[in-house]
K.L.:
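Please find one structure pasted underneath; my questions will follow.
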Amino acid sequence: MKIHIQFLRSSGKALNVFIGRFCSKCTKQEDSATSKSQTTDGTCIHGLIAPSSKDELSAVPEVAGDGRNTEVPNVQLKEKPVLGFDPPRKPRARHRLKIWISTRHNGIIGRYGNKLDLGFFKGAKRLSAEHLNTGWPDWLVTVAPEAVQGWAPLRADSFERLSKIGQGTYSSVYKARDLRTAKIVALKKVRFANTDPESVRFMAREICVLRKLNHPNVIKLEGIITSPVSQNLYLVFEYMEHDLVGLAATPELKFTKSQVKCLMQQIFSGLDHCHSKGILHRDMKGSNLLIDSNGVLKIADFGLATFYDPESRQPLTSRVATLWYRPPELLLGATRYSAAVDMWSTGCIFGELLAAKPIMPGRTEVEQIHKIFKLCGSPSDEYWQKLEVPPTGMFKPLCQYNRCIAENFKDLPPSALVLLDNLLALEPEARGTAASSLQSDFFRTEPLACSPSDLPKCPPSKEYDARLRQEEARRQRRPESVRSGIENPRENRAAYGSIKPQRLQHTKTRFNSAHLNPKDDQLTLATEVQPLGFDSTWNNGGNNYMDHHEVPERKYRSGRLANSNISRTKSSDMFKPESTGVGNIVPASHNKEMGVKGPMVDYKGKSKIVNLSGPLATQDGNIEDMLREHERNVQEAVRKARCIKS
Ligand SMILES: Nc1ncnc2c1ncn2[C@@H]1O[C@H](COP(=O)(O)OP(=O)(O)OP(=O)(O)O)[C@@H](O)[C@H]1O
């Protein structure tokens with residue numbers, strides 16, 4: 001059988017390799033392909049063809065072009081075969097190129113046959129050479145080959161898309177059926193700009209992180225759907241019926257004490273695994289905790305996760321974690337931090353389960369840090385000394401707050417209070433680890449954690465479903481004229497800072513994706529989400545923290561919007577008069593690491609970047625002045641928005 005390499009094309013049944021001078025099909029690709037796949041004598045070695053057939057292949061290739069024939073022994077093709085190159089150990093100018101055929105079986109790539117020795121191969125990157133033409137798109141293997149190393153892409157046509165089940169900031173998630181196995185899976189269509197290497201690298205990091213993890217309480221990446229000519233990627237995950245926010249928003253559902261313990265135990269177990277693999281999640285929150293129909297909780301959404309080395313002095317971005325779950329050191333701009341950031345967020349989730357409401361729902365970074373100090377107390381002098389942020393980047397509240405976690409959660413059993421108190425320690429090193437939390441008295445005292453199968457059974461529920469339900473209810477409540485009539489385009493616009501923002505059009509991507517399907521990717525971000533429900537016997541019936549602190553309606557997806565609407569700017573840029581926003585605030589895209597700009601205010605079709613919240617820095621360090629100024633700006637934005645509306 002003839003083996004014919006063609007550039008990025010499927011050839012149907014045969015496995016064909018063409019080795020010869022540029023063929024007519026290849027010449028157009030010359031620029032992009034030659035540097036990677038040209039032999040020293042100018043021979044073109046393009047492309048892999050992965051035939052769809054599962055036939056047995058008994059191949060004695062007839063090598064065309066340069067006239068060399070090479071024997072390949074019988075190959076039993078269990079799955080799609082791929083053809084690869086042996087990369088040089090180090091990038092070298094000249095490398096003896098060998099070709100191999102492999103097939104993927106149960107996720108493992110096995111190699112077959114003798115290598116076809118094709119002589120010298122010029123200038124190859126170690127990994128990209130291996131992946132070149134193995135069915136992955138060029139924009140991926142050239143930028144982030146490590147993300148797909150050893151894997152073959154899955155085909156889109158082997159899945160049947162059933163319904164949309166989730167909408168993230170960077171993705172749309174669909175329920176689908178794997179047609180080969182009939183298994184139900186979740187397909188996450190990741191949003192990024194494939195023309196921008198930074199954006200591809202950022203997206204690929206999520207894949208690398210996911211591939212490193214293997215634990216019952218961490219979501220498993222089962223494969224990646226793409227094709228050589230595709231601009232998109234779908235990540236294939238096991239399907240999970242619920243997320244913690246959606247589950248808790250299920251009417252009538254209240255978690256019992258042992259159910260809360262069961263949930264927390266699973267969270268800590270998954271987190272311990274991540275941390276033991278040197279991975280920080282950096283976006284722990286209820287909507288990223290998925291729960292299957294057997295009650296097994298899995299940590300998901302590793303879009304902001306990163307590898308970390310406690311010894312490394314490499315700075316990390318502080319612009320991570322959803323605002324309500326963001327630890328003080330990140331709010332204060334620390335760029336060297338540890339797994340303790342996830343411990344803080346987990347503390348906020350724990351507090352939310354106990355209080356049945358988000359415990360620190362700040363609208364801006366300034367407000368968030370203020371809420372933290374009010375609940376957790378003002379930091380000590382030692383804290384400020386240890387905090388590794390530029391001195392101009394901090395402020396010290398003039399007013400001293402006492403720590404009042406115990407008072408605010410006074411009906412909690414001591415073991416729960418101790419754990420919560422540890423997790424919400426201002427000093428990162430005092431928060432303990434996921435492993436030590438698992439050993440805490442909380443999990444050893446009665447009632448013990450129930451088994452996951454004893455978690456409440458209810459129909460599939462996601463934050464997304466809850467949002468749809470609430471949208472529908474709101475729609476029903478609206479006057480008939482509005483429901484049936486033409487909507488006022490301004491109706492949904494909200495000024496940032498308004499207590500009741502209505503809807504926000506979502507345009508955020510990982511970087512600026514130029515390949516959005518507008519229909520697919522637009523969404524309404526700001527909707528009400530029920531707080532996590534909890535057996536009220538652990539609340540003190542009206543006297544706890546959450547009862548006498550105003551909690552704005554939870555409009556934004558678990559605070560993500562607030563996260564994205566904050567920009568860290570020079571202190572001189574803070575609270576400029578023109579920085580008050582009117583119109584529709586569009587969530588900003590990511591920062592330095594993620595391409596963050598300030599929040600964008602779309603007013604009459606014109607977008608401009610504004611800063612409703614600035615860095616947590618004041619020259620004189622007076623938080624009260626800062627908050628007053630901040631509140632004035634927010635009010636001003638609301639006033640202007642109202643004027644424009646009327
Ligand atoms: N494996 C899965 N099974 C079922 N639903 C899922 C799965 N993965 C994600 N979802 C749903 O899709 C939503 C968005 O997914 P995910 O959080 O991974 O995307 P994202 O774009 O990174 O979101 P975020 O805005 O939280 O960063 C989740 O909140 C969840 O409801």
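Just so it is clear, the structure is predicted and the values come from calculations on it, not from any experiment. Counting convention: from 1, in listed order, for ligands and their atoms alike.
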K.L.:
Any atoms of ligand 1 less than 4.0 Å from a non-hydrogen atom of Phe237? List them with their elements.
P.N.:
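Here the atoms of ligand 1 in question are 1 (N).
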
K.L.:
Tell me the contacting part of Glu238 for ligand 1: side chain, backbone, both, or neither, using a 4.0 Å heavy-atom threshold, strictly below.
P.N.:
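It is the backbone that gets close, since no side chain atom is under 4.0 Å.
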
K.L.:
Using heavy atoms and a 4.0 Å limit, tell me yes or no: is Lys285 in contact with ligand 1?
P.N.:
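Yes; Lys285 lies near enough to ligand 1 that a heavy-atom distance drops under 4.0 Å.
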
K.L.:
Within the 4.0 Å heavy-atom shell around Ile165, which atoms of ligand 1 are there?
P.N.:
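Those of ligand 1 that fall under 4.0 Å from Ile165 are 4 (C), 5 (N).
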
K.L.:
Got a sec, which residues hit salt bridge (charged side-chain N to carboxylate O under 4.0 Å, His left out) with Asp157, two or more places apart in sequence or on another chain?
P.N.:
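For Asp157 the salt bridge (charged side-chain N to carboxylate O under 4.0 Å, His left out) partners, ignoring immediate neighbours, are Arg155.
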
K.L.:
Distance under 4.0 Å to a non-hydrogen atom of Gly168: what atoms of ligand 1 satisfy this?
P.N.:
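Within the 4.0 Å cut-off of Gly168, ligand 1 contributes 14 (C), 19 (O), 20 (P), 21 (O), 23 (O), 25 (O).
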
K.L.:
Just heavy atoms, cut-off under 4.0 Å: does Asp243 contact ligand 1 by side chain, backbone, both, or neither?
P.N.:
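Side chain only.
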
K.L.:
Can you classify the ring geometry of Trp139 versus Phe192 as parallel (below 30°), tilted (30 to 60°) or perpendicular (above 60°)?
P.N.:
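Trp139 and Phe192: tilted rings.
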
K.L.:
Under 4.0 Å, counting heavy atoms only: does Ser287 come that close to any atom of ligand 1?
P.N.:
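Yes, that is the case, since the closest heavy atom of the residue is under 4.0 Å from the ligand.
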
K.L.:
Out of Lys183, Arg180, Arg177, which one pairs with Glu160 under the salt bridge (Lys or Arg N to Asp or Glu O under 4.0 Å) rule?
P.N.:
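Exactly one candidate clears the test, Arg177.
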
K.L.:
Under a 4.0 Å heavy-atom limit, does Ser171 contact ligand 1 with its side chain, its backbone, both, or neither?
P.N.:
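Looking at Ser171 and ligand 1, atoms from backbone and side chain both fall under 4.0 Å.
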
K.L.:
Given Asp301 and Lys285, is the salt bridge (charged side-chain N to carboxylate O under 4.0 Å, His left out) satisfied, shown in steps?
P.N.:
CA-CA 10 Å; Asp301 189 4; Lys285 60 179 174 180; 5.7 Å; no

K.L.:
So, using ring-ring contact (aromatic ring centres under 6.0 Å, His included) as the criterion, who are the partners of His215 when residues are at least two apart?
P.N.:
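For His215 the ring-ring contact (aromatic ring centres under 6.0 Å, His included) partners, ignoring immediate neighbours, are His273.
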
K.L.:
Please state which option from Leu244, Leu290, Val173 has its nearest heavy atom closest to atom 30 (C) of ligand 1.
P.N.:
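Selected option, by shortest heavy-atom distance: Leu290.
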
K.L.:
Taking only heavy atoms of Ile219, which atoms of ligand 1 are found under 4.0 Å from at least one of them?
P.N.:
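Counting from 1, the qualifying ligand atoms are 1 (N).
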
K.L.:
Of the side chain and backbone of Leu304, name the one, both, or neither that has a heavy atom under 4.0 Å from an atom of ligand 1.
P.N.:
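Looking at Leu304 and ligand 1, no heavy atom falls under 4.0 Å.
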
K.L.:
Distance from Gln266 atom CD to Ile291 atom CD1, nearest 0.5 Å?
P.N.:
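Interatomic distance, Gln266 CD to Ile291 CD1, rounded to 0.5 Å: 7.5 Å.
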
K.L.:
Which word best sums up how the rings of Tyr234 and Tyr174 line up, parallel for under 30°, tilted for 30 to 60°, or perpendicular for over 60°?
P.N.:
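Tyr234 and Tyr174: tilted rings.
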
K.L.:
Identify which of Lys298, Lys188, Gln167 has a heavy atom lying nearest to atom 16 (P) of ligand 1.
P.N.:
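The nearest heavy atom belongs to Lys188.
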
K.L.:
Run the ring-centre check on Trp344 versus Tyr337 and record whether the distance is less than 6.0 Å.
P.N.:
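They do not qualify: ring centres at least 6.0 Å apart.
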
